[in-house]
Amino acid sequence: MIPFENDNLRAYTLLLRIEIALRELLRISLESEFGVQWRKRLPGDLLKKIKESQTEENRHQFGYVRLGPLYYLTFGELLTLLQQKSGRTVAEKLGGDCVLKQLENIFAPRNAICHSRPVSSVGLRTIETVYVEMETALTADGLARLISKPDTGLAQDQAATGLIPALKDALRDLPNLPPLLVIPEVLQTAMAQFWWADDSLAGFNRTIIEAAIALIREYNTLPAGVGCAATRQRFSEQHDMKTGIQHAITELEKVKL
């Protein structure tokens with residue numbers, strides 16, 4: 001056994017939990033403030049870096065689990081977010097400036113572990129102290145729940161699985177000319193994913209999907225009163241909604257489910 005193996009493994013386990021907790025707390029805070037489009041509110045330079053890092057993992061042979069955008073930021077970048085307005089809520093929840101200072105103190109032992117150097121007894125105690133304080137602030141059960149379900153974002157096949165049934169429902173209901181056709185609930189979340197910006201990453205032609213959704217949205221703005229069914233029918237026929245929605249379904253079925 002490596003002489004410092006046990007200490008490094010203990011320190012790494014705690015660091016993993018600390019960092020996942022920070023990422024999840026930041027995600028919850030940002031989503032609470034900005035809604036499902038919170039990813040777009042991250043600083044532009046960080047967004048660029050996140051997209052580059054995520055693109056590097058588009059190699060199916062490795063079977064990467066696609067995590068949320070905050071998992072592609074360095075520890076230092078996470079601390080920067082904690083010091084900004086949206087992250088201050090998280091920092092205060094954990095103990096304010098005191099805990100931020102302690103998080104900065106684990107940079108050195110963290111770097112030692114990442115480069116296969118001994119964490120040292122002092123470094124291990126520093127990491128253990130931060131973990132205990134986070135556990136105290138969140139409670140043991142609260143911390144356990146937080147790190148048990150890391151943000152995996154939404155994969156392409158998951159998006160297709162959510163979009164296809166909703167579009168099929170719209171296609172089925174269309175001949176009845178209802179006042180409203182349901183917009184897939186998963187749509188906003190899907191469009192917020194990094195891969196939505198690139199057909200080669202999405203695995204389908206997004207323009208076809210977006211065109212079908214745009215037709216449904218426009219249809220939903222038509223008058224819904226008595227005698228307005230003819231208006232909806234005329235719109236549906238003029239824009240060939242049936243074909244547009246069917247094309248979207250067919251396009252999404254290209255994704256390997």
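Model, not experiment: these values are computed from the prediction. Reckoned from all heavy atoms, side chains included, excluding hydrogens, waters and symmetry mates.
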Taking the basic N atoms (NZ, or NE/NH1/NH2) and the acidic carboxylate oxygens, is any pair closer than 4.0 Å for Asp45 and Lys48? no
If I take atom CD1 from residue Ile106 and atom CG from residue Leu79, how far apart are they, to the nearest 0.5 angstrom? 7.5 Å
Under a 4.5 Å side-chain heavy-atom rule over Ile, Leu, Val, Met, Phe, Trp and Tyr, are Val182 and Leu215 clustered together? no
Search all heavy atoms of Ala21 against all heavy atoms of Leu146 and return the closest pair with its distance. O-CD2, 3.6 Å
Are more than 12 heavy atoms, taken from residues, nucleotides or ligands other than His239, located less than 6.0 Å from that residue's NE2 atom? yes
Residue Glu5 excluded, over 12 heavy atoms near CD under 6.0 Å: yes
Min side-chain heavy-atom separation Arg117-Phe4 under 4.5 Å: no
Are the side chains of Ile208 and Thr250 in contact, using a 4.5 Å heavy-atom criterion? no
Under 3.5 Å: donor-acceptor pair, side chain of Asp7, backbone of Ser120: no
May I ask you to list the residues sharing a hydrophobic cluster with Met1, side-chain cutoff 4.5 Å, ordered by chain and number? none
Quick check: closest heavy atoms across Pro118 and Ala112, and the distance to 0.1 Å? O-CB, 3.7 Å
Look up atom CD in Glu77 and atom CG in Leu70, then write down how far apart they are to the nearest 0.5 Å. 10.5 Å
Side chains of Leu94 and Leu82: closer than 4.5 Å at any heavy-atom pair? no
So, taking the atom named CG in Asp97 and the one named CD in Glu104, what distance separates them when rounded to the nearest 0.5 Å? 9.5 Å
Got Leu167 and Ile213 here, is their nearest side-chain heavy-atom distance under 4.5 Å? yes
Holding to salt bridge (Lys or Arg N to Asp or Glu O under 4.0 Å), I want the full list of residues that pass it with Lys168, two or more places apart in sequence or in another chain. Glu253
Could you pull out all donor-acceptor pairs under 3.5 Å where a side-chain atom in residues 221-232 meets a protein atom, sequence neighbours excluded?
| residue | atom | partner | partner atom | Å |
| --- | --- | --- | --- | --- |
| Thr221 | OG1 | Glu218 | O | 2.6 |
| Arg232 | NE | Leu177 | O | 3.0 |
| Arg232 | NE | Pro178 | O | 3.4 |
| Arg232 | NH1 | Pro223 | O | 3.1 |
| Arg232 | NH2 | Leu177 | O | 3.1 |

Is there a chain of hydrophobic side chains (I, L, V, M, F, W, Y, each step under 4.5 Å between heavy atoms) that links Leu14 to Leu16? yes
For atom CD of Gln83, decide whether the heavy atoms of other residues, nucleotides or ligands shown that lie under 6.0 angstrom number more than 12. yes
Just wondering, more than 12 heavy atoms not from Arg41 lying within 6.0 Å of its CZ? no
Indicate the atoms forming the closest heavy-atom contact of Ala159 with Val186, along with that distance. O-CG1, 4.0 Å
Looking only at atom types and distance, does a side-chain atom of Ser148 sit under 3.5 Å from a main-chain N or O of Arg145, one as donor and one as acceptor? yes
Are the side chains of Leu103 and Leu78 in contact, using a 4.5 Å heavy-atom criterion? no
Could you tell me which non-hydrogen atom of Ile209 sits nearest to which non-hydrogen atom of Ala248, and how far apart they are? CD1-O, 3.4 Å
Quick one: does Glu33's side chain get under 4.5 Å of Thr89's, heavy atoms only? no
When every non-hydrogen atom of Leu124 is compared with those of Val119, the smallest separation belongs to N-CG2, 3.8 Å
Measure the NZ-CG distance between Lys49 and Leu73 for me, rounded to the nearest 0.5 Å. 6.5 Å
Any chance you could measure Ile164, atom CD1, to Asp169, atom CG, to the nearest 0.5 Å? 12.0 Å
Is there a side-chain contact (heavy atoms from CB on, under 4.5 Å) between Ile2 and Asn8? Walk through the geometry before answering. CA-CA 10 Å; Ile2 301 167; Asn8 274 36; over 6 Å; no
Show me, pair by pair, the donor-acceptor contacts under 3.5 angstrom made by side chains of residues 129-136, not counting sequence neighbours?
| residue | atom | partner | partner atom | Å |
| --- | --- | --- | --- | --- |
| Thr129 | OG1 | Arg125 | O | 2.8 |
| Tyr131 | OH | Arg17 | NH1 | 3.4 |
| Glu133 | OE2 | Gln102 | NE2 | 3.2 |
| Thr136 | OG1 | Val132 | O | 2.8 |

Indicate yes or no: at least one non-hydrogen side-chain atom of Val122 is less than 4.5 angstrom from one of Pro109. no
Does the side chain of Ser200 pick up a donor-acceptor pair with the side chain of Asp198 at under 3.5 Å? yes
Listing request: all ring pair (Phe, Tyr, Trp, His ring centres under 6.0 Å) pairs with a residue in residues 81-128, at least two apart in sequence or in separate chains. Phe75-Phe107
Result block: side-chain N/O donor-acceptor pairs under 3.5 angstrom for residues 24-32, not counting sequence neighbours:
| residue | atom | partner | partner atom | Å |
| --- | --- | --- | --- | --- |
| Glu24 | OE1 | Arg27 | NE | 3.0 |
| Glu24 | OE1 | Arg27 | NH2 | 2.9 |
| Glu24 | OE2 | Tyr71 | OH | 2.6 |
| Glu24 | OE2 | Asp151 | N | 2.8 |
| Arg27 | NH1 | Glu31 | OE1 | 3.3 |
| Ser29 | OG | Ser86 | O | 2.9 |

Heavy-atom closest pair, residues Val255 and Ala202: CG2-O, 4.2 Å
Approximate separation, where rounding is to 0.5 Å, of Met191 CE and Arg206 CZ: 8.5 Å
